[in-house]
Amino acid sequence: MPSPSGPALRLGIAGLGTVGIGVVKIVQRHAELLQARCGRPIVITAVSARDRQKARDADLSAYAWETDPVALARREDVDLFIELMGGHEGPAKAATEAALAAGKDVVTANKALLAHHGQTLAETAEAAGRVIRFEAAVAGGIPVIKALTEGLAGNAMRRVMGVMNGTCNYILTRMETAGLPYDTVFEEARQLGYLEADPNLDVGGIDAGHKLSLLAAIAFGTRVSFDDVELEGIGRISIDDIRRAGDMGYKIKLLGVAQMTGRGLEQRMTPCLVPATSPLGQLQGGTNMVVLEGDSVGQIVLRGPGAGEGPTASAVMGDVLDIARGLRLPTFGQPAQTLAAPVAAKANSPASYYLRMELMDKPGALAKVATVLGESGVSISRMRQYGHESASAPVLIVTHKTTRDAIDHAIGQMGSTGVVLGDPVAIRIEEV
Ligand code: NAP
Ligand code: HSE
């Protein structure tokens, strides 16, 4: 006997690009399956985008068209507003606020919006008895928000980390496998359409930093504090670094790490070396990986597609179904009013470092470098000098555990040795 059906959940979708059209396709393709799973029909009533004449890969003729996403958010025949336009100001913010004010729940894939305004929007939503869900905003198709807020809710989280920007991982792994320099692979990524309209969001680590700040808020019960994320992009990583890190048994990844320390909340999104044999080290191409560590569960590794039409729309629909089923959780896993203001701690927890420098090839040069390191409290674990034909030699050093402050101090003194050419490169080696 068919089960009784509840009232339809009526969706209004603002943004009909990669993700928006992906959502339309799932709703159209899986109408029966969705209804069976949540006990009520999921229907689209209205959509919005900038250009109504643009050819789109789905039939939208059954839906009302709104030119203004704010008007869409306020429509009486919309129960759930889905924001898939992007951008942390402008229409995405205005329409999300309008939807909440009009008593609608919101699903968004917009990490920038929540990284900048997540606390205010969450407080607004919760005061109005509404929910905001954002599974698609972090690591695309990987259900990491659900894992943190639900499956791992009984854990005190120790550390959250991961590779959360597929474009950067594509660039780094392509440099390695094809032996191509950064600029060439960056251009390839542009041709393939991988880069955001502003590429610095990807290669500058900003997009991944947005994502990390959202995970940190849930994991540590703190207000989203994107401004405190230490950001460093991949633009300075050379093919030499990739090769030489490989010689030492490491891969270079744009790695996000958030952890609560005795000094406060550390959040960093920076290039790191990870062991080549670790799951993170083996991550290829545009794939994402998130590692969650809780006091009871230990370590969980989630891996999957971090972007693209299908995976991102899949995550949006997971949120839609939760709302259709009546699941109503606070945005960041606990009431927004109870989230603590985080004390930002400089990422100074001890780690080994990879140092690459160009040394003048003359007697006593290495000794001078070793002295500077020693005087800065940095101890050498391994060292390698490469064969060379010029008057300078590439030298690699892996240190014992030390602090970033000590490394920065040592690098600051290198110029005074008179034997180090150019700026040394220092990359943290993360234990994963
Ligand atoms: P997209 O392909 O560029 O599509 C953006 C859509 O928003 C377009 O349909 C555009 O209209 C519409 N739009 C932009 N400004 C608008 C305005 N002022 N008024 C009405 N509509 C407007 O973007 P996307 O890749 O689908 O990304 C959407 C969101 O998902 C972003 O927040 C992004 O960060 C996030 N996200 C994307 C991915 C991914 O793999 N693409 C993964 C995770 C998260 P027109 O089509 O008429 O130009
Ligand atoms: N630019 C992002 C990436 C898209 O490369 O991962 C998904 O958020």
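Sequential numbering from 1 along the given sequence is applied to the chain's residues. Just so you know, ligand 1 is whichever comes first in the structure, and atom 1 is the first atom listed for that ligand.
- Taking distance alone, with nitrogen or oxygen atoms compared against 3.5 Å, Gly15 stays at or beyond that limit from ligand 1.
- Among Gln53, Glu309, Arg50, Arg52, the residue whose heavy atom lies nearest to atom 22 (C) of ligand 1 is Arg50.
- Contact annotation for Pro91 and ligand 1: only side-chain heavy atoms (C-beta onward) come within less than 4.0 Å of the ligand.
- When each atom of ligand 2 is checked for a heavy atom of Asn165 under 4.0 Å away, the hits are 1 (N), 2 (C), 3 (C), 5 (O), 6 (O).
- Within ligand 1, the atoms closer than 4.0 Å to a non-hydrogen atom of Pro69 are 19 (N), 20 (C), numbered from 1 in the order shown.
- Taking only non-hydrogen atoms, the option from Ala49, Gly86, Gly20, Ala197 nearest to atom 32 (O) of ligand 1 is Gly86.
- Where the criterion is an N or O separation shorter than 3.5 Å, residue side chain and backbone included, Ala136 fails it with respect to ligand 1.
- No hydrogens or angles considered: a donor-acceptor pair under 3.5 Å links the side chains of Arg428 and Ser349.
- Side chain of Gln28 to backbone of Asp59: a donor-acceptor contact under 3.5 angstrom is found.
- Between Gly17 and ligand 1, a contact under 3.5 Å exists for at least one N or O pair.
- With no hydrogens or angles considered, no side-chain donor-acceptor pair links Tyr194 and Glu188 at under 3.5 Å.
- Contact check for Glu150 versus Asp322: side-chain heavy atoms found under the 4.5 Å cut-off.
- In summary, the atoms of ligand 1 found under 4.0 Å from a heavy atom of Ala307, numbered by their order in the structure, are 40 (O).
- In this structure, His210 and His116 have perpendicular ring planes: the angle between them is above 60°, well past the 30° mark.
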Side chain to side chain donor-acceptor pair (under 3.5 Å) between Gln267 and Ser225, worked out: CA-CA 9 Å; Gln267 302 179 87; Ser225 57; 3.0 Å; yes
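- Some N or O of Val19 is nearer than 3.5 Å to an N or O of ligand 1, by distance alone.
- Using a 4.0 Å cut-off to heavy atoms of Lys111, the atoms of ligand 2 that qualify are 7 (C), 8 (O).
- Ligand 2 is never approached by Gly140 to a heavy-atom distance shorter than 4.0 Å.
- The distance between the ring centers of Phe332 and Phe134 falls below 6.0 angstrom.
- Short contacts between ligand 1 and Gly308, defined as distances under 4.0 Å to a heavy atom of the residue, involve ligand atoms 39 (C), 40 (O).
- Taking each of Glu196, Arg56, Glu83 in turn, the one with a heavy atom nearest to atom 46 (O) of ligand 1 proves to be Arg56.
- In terms of N/O distances under 3.5 Å, ligand 1 is approached by Lys111.
- The distance from ligand 2 to the heavy atoms of Glu196 drops below 4.0 Å at these ligand atoms: 1 (N), 2 (C), 4 (C).
- Just one of Glu97, Glu89, Lys93 meets the side chain to side chain donor-acceptor pair (under 3.5 Å) condition when paired with His117; it is Glu89.
- From the protein, the heavy atom lying nearest to atom 28 (C) of ligand 1 is Leu84 O, 3.3 Å.
- Closest to atom 42 (C) of ligand 1 among all protein heavy atoms lies Thr312 OG1, 3.3 Å.
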